[in-house]
Amino acid sequence: MRLQREVTIALVVILSLSVRLKAQLQVGFYANTCPQAEFIVRSEVQRALSGNAGLGAGLVRMHFHDCFVRGCDGSVLIDSTSSNTAEKDSPINNPSLRGFEVIDNAKTRLEAACSGVVSCADILAFAARDSVAWTGGFRYQVPAGRRDGRVSLSSDTFTNLPGPSLGVSQLTQSFANKGLTQDEMVTLSGAHTLGRSHCTSFSNRLYSFNSTVSQDPTLDPTYAAFLKRQCPQGSNDTSLVVPMDPGSPTRFDASYYNNIIANRGLFTSDQSLGSDSGTSSQVRANAFNGGLWKSKFSQAMVKMGKIGVLTGSDGEIRKNCRVIN
Ligand code: HEM
Ligand SMILES: *[C@@H]1O[C@H](CO)[C@@H](O)[C@H](O)[C@H]1NC(C)=O
Ligand SMILES: *[C@@H]1O[C@H](CO)[C@@H](O)[C@H](O)[C@H]1NC(C)=O
């Protein structure tokens, strides 16, 4: 009887321990199995960004789009096949998402150094961190041990990724659906201090705001005129882009929040953060104290990087980040 009880207790302890371990990502996850992993990713990111600093923005956004769709499982990296349109070919991601070749290059070197060990999802999480650090944000430690997912559906992007015309309550709901707070939503939106946008993502604010007013009255008129020159009405050129933070598009600084205060937030989603009573004080605080914002950003990235992860023996370690094994 007693023995049986002790065995049962021992089993329960082992089971709950393994459940707990399975769920945890760990800093230094590859210390024994592939000690050079983070160094290799970093060197590939640095090489790529030295040639094209804009790829830093691409990699930060790619990690966000990975994590919000089926968790941070590298599903955004999978190529479409004849029978499946993958996430990366949703109009939300194609043609705007960029930096895939940086991940490919890192993966090629990692497979040569330690075959079948480092997941594509972790490579992307490291690469986003290295991009933040390279452009002037704070370097943070990335808990790792993610496994790669085996499903990638274009249709998943529409329901999981927030769009640029959303207001504060919808944005807050979208992030809450992923376990992130409104505060973290405002903090992470500051990533729009980097990179560019296609005209198509905001041209409604310039030309077709609503049935009576063509231009969004909340947009600074001088900035609107500047945007109209770069995004002519009725242009057929879908490749036209503008920097989201024109003063410093490759610098990870708090100017995103200063832009909002000056009514120069590019998207409705950006500008709405400045006028909502629940978020405007945080916009001002982040604009005022860039160091505080950067440290909050790093913490929020770590939290975002834990959304819906596969661990333990779930999923797989892809050999080629574009193809399910
Ligand atoms: C809050 C809701 C968000 C919305 C509605 C949103 C929407 C967008 C849109 C429409 C673009 C431009 C795409 C294009 O037309 O080229 C963009 C770009 C970008 N987004 Fe967001 N985003 C949001 C949050 C985030 C978050 C949380 C991050 C990362 C932590 C992020 C990082 C970026 C970056 C870095 C770019 C520039 C990409 C490049 O230059 O290649 N965004 N976003
Ligand atoms: C269009 O937007 C303007 C400015 O925000 C507003 O005053 C007006 O009521 C809106 N018209 C419609 C039809 O929604
Ligand atoms: C867009 O393309 C159509 C058809 O090719 C053409 O008729 C039209 O003039 C073009 N518009 C602009 C603004 O270039």
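Remember, it's 1-based here, ligands and their atoms both numbered in the order they're listed. By convention here, the first residue in the shown sequence is residue 1.
- Within His192, the N, O or S atom at minimum distance from atom 21 (Fe) of ligand 1 carries the name NE2.
- Between Phe297 and Phe252, the angle of the ring planes goes over 60°, which puts this pair in the perpendicular group of the 30/60° scheme.
- Checking atom 5 (O) of ligand 2 against the protein gives a heavy-atom contact under 4.0 Å.
- For Gln46, the CD atom sits in a packed shell: over 12 heavy atoms of surrounding residues, nucleotides or ligands are nearer than 6.0 Å.
- Classification of the Tyr223-Phe226 ring pair by plane angle, with boundaries at 30° and 60°, yields parallel.
- Of all atoms in ligand 1, numbered sequentially from 1 with element shown, those under 4.0 Å from a heavy atom of Leu171 are 1 (C), 2 (C).
- A salt bridge is absent between Arg70 and Glu87: the closest approach of a Lys/Arg side-chain nitrogen to an acidic carboxylate oxygen does not fall below 4.0 angstrom.
- When the options Asp66, Asn94, Asp79 are evaluated for a side-chain hydrogen bond (donor to acceptor under 3.5 Å, both in side chains) with Lys88, the one that passes is Asp79.
- Of the heavy atoms in Phe202, none comes closer than 4.0 Å to ligand 1.
- Under a 4.0 Å criterion applied to the non-hydrogen atoms of Ser96, ligand 1 contributes the atoms 14 (C), 16 (O).
- Between Glu111 and Lys107 there is a salt bridge, with a side-chain nitrogen of the basic residue lying less than 4.0 Å from a carboxylate oxygen of the acidic one.
- Compare Gly163, Gly54, Ser189, Pro164 by their heavy atoms: the one nearest to atom 1 (C) of ligand 1 is in Ser189.
- Ranking the protein heavy atoms by distance from atom 17 (C) of ligand 1 puts Arg61 NE, 3.6 Å first.
- The Ser201 neighbourhood of ligand 1 comprises atoms 10 (C), 14 (C), 15 (O), with distances under 4.0 Å to a heavy atom of that residue.
- Applying the 4.0 Å criterion to heavy atoms of Pro217 picks out, from ligand 2, the atoms 4 (C), 5 (O).
- Taking a cutoff of 4.0 Å between a charged side-chain nitrogen and a carboxylate oxygen, Arg139 and Asp130 qualify as a salt bridge.
- Glu316 and Arg147 are not joined by a salt bridge, as no carboxylate oxygen comes within less than 4.0 angstrom of a charged side-chain nitrogen.
- Residues Ser119 and Ile317 approach most closely at CB-CD1, 3.8 Å, considering heavy atoms.
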Subject >> Full working for side-chain hydrogen bond (donor to acceptor under 3.5 Å, both in side chains) between Asp183 and Thr181 >> reply: CA-CA 5 Å; Asp183 209 68; Thr181 65; 5.2 Å; no

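- In terms of protein heavy-atom proximity, atom 3 (C) of ligand 1 is closest to Pro162 CG, 4.0 Å.
- Of the polar atoms of Thr212, at least one N or O is found under 3.5 Å from an N or O of ligand 2, judged by distance alone.
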**OP:** Take Asn177 and Gln173 through the side-chain hydrogen bond (donor to acceptor under 3.5 Å, both in side chains) test and state the conclusion after the steps.
**Re:** CA-CA 6 Å; Asn177 292 344; Gln173 185 59 54; 2.8 Å; yes

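- Close approach to Gly58 involves these atoms of ligand 1, each under 4.0 Å from a residue heavy atom: 41 (O).
- For atom 18 (C) of ligand 1, the nearest non-hydrogen atom from the set Glu184, Met244, Met301 belongs to Met244.
- Among protein heavy atoms, atom 11 (N) of ligand 2 sits closest to Asn210 ND2, 2.9 Å.
- When hydrogens are left out, the protein atom nearest atom 32 (C) of ligand 1 is Ala191 CB, 3.6 Å; that is the closest non-hydrogen contact.
- The closest protein non-hydrogen atom to atom 35 (C) of ligand 1 is Ala57 O, 3.2 Å.
- The single protein non-hydrogen atom nearest to atom 8 (C) of ligand 1 is Phe267 CE1, 3.5 Å, given as residue, atom name and distance.
- Across the listed options His198, Met185, Arg98, Arg98 owns the non-hydrogen atom lying nearest to atom 41 (O) of ligand 1.
- Among all protein heavy atoms, the one lying closest to atom 26 (C) of ligand 1 is Phe64 CD2, 3.4 Å.
- In terms of polar-atom proximity, defined here as any N/O pair under 3.5 Å, Arg196 does make such a contact with ligand 1.
- Scanning all heavy atoms of the two residues, the minimum distance from Tyr257 to Val283 falls at CB-O, 3.5 Å.
- At a 4.0 Å heavy-atom cut-off, ligand 1 does not touch Thr200 at all.
- The closest approach between any non-hydrogen atom of Leu166 and ligand 1 is not below 4.0 Å.
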**OP:** Starting from the C-alpha separation in whole Å, work towards a yes-or-no answer on side-chain hydrogen bond (donor to acceptor under 3.5 Å, both in side chains) for His65 and Asn93.
**Re:** CA-CA 8 Å; His65 283 202; Asn93 287 329; 2.6 Å; yes

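- The two residues Asp156 and Val69 have their closest heavy-atom pair at CB-CG1, 3.5 Å.
- Considering only non-hydrogen protein atoms, atom 13 (C) of ligand 2 sits nearest to Ser211 OG, 3.4 Å.
- Atom numbering of ligand 1 starts at 1 in the shown order; those under 4.0 Å from a heavy atom of Gly195 are 37 (C), 40 (O).
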